[in-house]
Peer 1: 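Structure incoming, see below.
For clarity, every value in this text was computed on a predicted model and none was experimentally measured. Values below: every heavy atom of this structure, side chains too, minus hydrogens, waters and symmetry copies. In the text below, chain A, chain B and the rest are named by the order of the sequence lines, each starting its count at 1.
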Number of protein chains: 2
Amino acid sequence: MTSHENLWMRPEHPARGPRPTFSRVRLTESAIQVADSEGLAAISMRRLATEIGAGTMSLYRYVSGKDDVIELMIDAVVADYIPPDLVLSGDWRADLRGLADRVRQVMLRHPWIAPLSGTRQQPSPNRVRMLDTALRMVDGLGLSFNEMLTVIGTVFAYVNGFVESELAEAEALRRTGLDLMEWMTLQGPYLQSVVASGRYPMVARMLTEGGRDYVDVGDRFAYGLERLLDGIAARLPEAGA
Amino acid sequence: MTSHENLWMRPEHPARGPRPTFSRVRLTESAIQVADSEGLAAISMRRLATEIGAGTMSLYRYVSGKDDVIELMIDAVVADYIPPDLVLSGDWRADLRGLADRVRQVMLRHPWIAPLSGTRQQPSPNRVRMLDTALRMVDGLGLSFNEMLTVIGTVFAYVNGFVESELAEAEALRRTGLDLMEWMTLQGPYLQSVVASGRYPMVARMLTEGGRDYVDVGDRFAYGLERLLDGIAARLPEAGA
DNA sequence: CAGAAACCGAGTACGCCGTACTCGGTATGA
DNA sequence: TCATACCGAGTACGGCGTACTCGGTTTCTG
């Protein structure tokens, strides 16, 4: 138990000794690349070592285990949630919407992060930076500090939940390997039996007339987000109520 | 490639041959019990086999692999989302709130399911049943079918996202093994350096005056849910707008 | 009622995984 | 210059999911 167990306090290397051949950023970049193209399951210490041309156990000179690698990956992606040149507009609603949209876009580019960021939320440099920015967005609205945290937490809960399910939808299609037709062929018999049972009329309607007035997934995301912001706005102190 | 690859269409056993010693429900119950008390990571085919007193490979007579076990676990828990004696009140808002509250309670009892249900959403008997019930809740409000699906999807996105993060919070404390004090001691040095840097004044405020007006986690859940329902209600066709 | 067919449960084995421990070689600070 | 501290790599262990195989038992068929 050294004095700093935390990854973010542990220096990457001691002052003494030979120059290190690799680096945490190198490791992190490779890991993100692998996870982006082959999924989180493809990440293993052996695989990452091979990827950067190192011996497997050499990685343990840079991180204390696989958990650290995951933490580094998350922090690196979270950095993108807040653009470096971001300036707040002063309109909390526009700012929050902008953040939510951007988070969604980044999450869609890195499909492995939504499930992780819901589960893991240790403080890390870029998460701290993002939280600070998000808090500034809702500052000065007459909310107490914990109310501000509640508002932000609510928005993030929605964004995370939505994107997770959005990705699951896409993944379900990709897992079977092919397109929607293939999926229907696979699940078809079961769904037909559901319809035929007559016990689930609403689902039956969904399966028969479901594709009629298709709602774009981006529009669905925006709908929920705007309804949430509507509800929040209506209860703001300045709004009277 | 048999004619029914789907788990839910595959009969548990052929008509011929000796009586099976175990069953899917037995397997599922053991798996849920293990996951509840030791986490999802504790689930392995060897472990489950030991648990029910079977040879490891015997399990493969009942399921086609670990994926099937997970699917069975999810479906069994989802069954609890809708109480058997549930009757709809006719008040869509009360019904939706009741469902959301219950889903949260069930998820808190089975901490492993929130991350899974976000990622996996294959149709299974109890998920179909739940979806049908949820759709009935928002039927007759003048919404198109896909608008109804959008409303329900929005609420579930929020619930799932919130509970996932709620559990992550609790898990982060439990992972270090002990209570909040222990966590603070561990993360303390890093957080202090964050405050000391002066670059994140809002986070600094949070860490210093954060515990002042504590908001109960149940109240935070209710807050977000009610704001979401507010926003949805305001845009209902009957509401004019 | 007898025989054949079908199926059960279990064992063995393969290729993955994370990582603890160890050691020869090398760059650094005194 | 040389002792020290550290680097990169190798080996090994216990665990994982699951493909394949086989002896014994049960059920259906005639």
Peer 1: Using the C1' atoms of the five pairs at each end, what is the angle between the end axes of the helix from C:dC1-D:dG30 to C:dA30-D:dT1, to 10°?
Peer 2: 10°
Peer 1: Does anything in residues 20-28 of chain B come within less than 4.0 Å of DNA chain D? Heavy atoms only, and list the residues if so.
Peer 2: none
Peer 1: In whole angstrom, what separates A:Ile70's CD1 from C:dC17's C1'?
Peer 2: 13 Å
Peer 1: Protein within reach of the bases, or only the backbone? For nucleotides 15-23 of chain D, mark each nucleotide 5' to 3' as B, S or -, using heavy atoms under 4.0 Å.
Peer 2: -BBBBB---
Peer 1: Return the set of residues passing side chain to side chain donor-acceptor pair (under 3.5 Å) with B:Asp101 (not counting sequence neighbours), or none when no residue passes.
Peer 2: none
Peer 1: Excluding sequence neighbours, so at least two apart, what forms side-chain contact (heavy atoms from CB on, under 4.5 Å) with A:Ala76?
Peer 2: A:Thr28, A:Ile32
Peer 1: Check side chain to side chain donor-acceptor pair (under 3.5 Å) between B:Glu38 and all other residues, then give those that pass, not counting sequence neighbours.
Peer 2: B:Arg47
Peer 1: Which residues satisfy the side chain to side chain donor-acceptor pair (under 3.5 Å) test with A:Arg220, sequence neighbours excluded?
Peer 2: none
Peer 1: Suppose we screen for side chain to side chain donor-acceptor pair (under 3.5 Å). Which residues come up paired with B:Ser117, at least two apart in sequence or across chains?
Peer 2: B:Asn160
Peer 1: Can I get a per-line list of side-chain donor-acceptor pairs under 3.5 Å for residues 192-200 of chain B, giving both atom names and the distance, sequence neighbours left out?
Peer 2:
unit_1   : atom_1 : unit_2   : atom_2 : d
B:Ser193 : OG     : B:Tyr190 : O      : 2.6
B:Ser197 : OG     : B:Val194 : O      : 2.8
B:Ser197 : OG     : B:Arg199 : N      : 3.2

Peer 1: Not counting sequence neighbours, which residues clear ring-ring contact (aromatic ring centres under 6.0 Å, His included) with B:Phe156? List them please.
Peer 2: none
Peer 1: Between B:Tyr62 and C:dG9, is there a contact of a side-chain N or O with OP1 or OP2 at under 4.0 Å?
Peer 2: yes
Peer 1: Suppose we call two aromatic rings close when their centres sit under 6.0 Å apart. Are A:Tyr158 and B:Tyr158 close by that rule?
Peer 2: no
Peer 1: Considering residues at least two apart in sequence or located in another chain, which fulfil the salt bridge (Lys or Arg N to Asp or Glu O under 4.0 Å) criterion with B:Arg129?
Peer 2: none
Peer 1: What residues form a side-chain contact (heavy atoms from CB on, under 4.5 Å) with A:Arg61, not counting sequence neighbours?
Peer 2: none
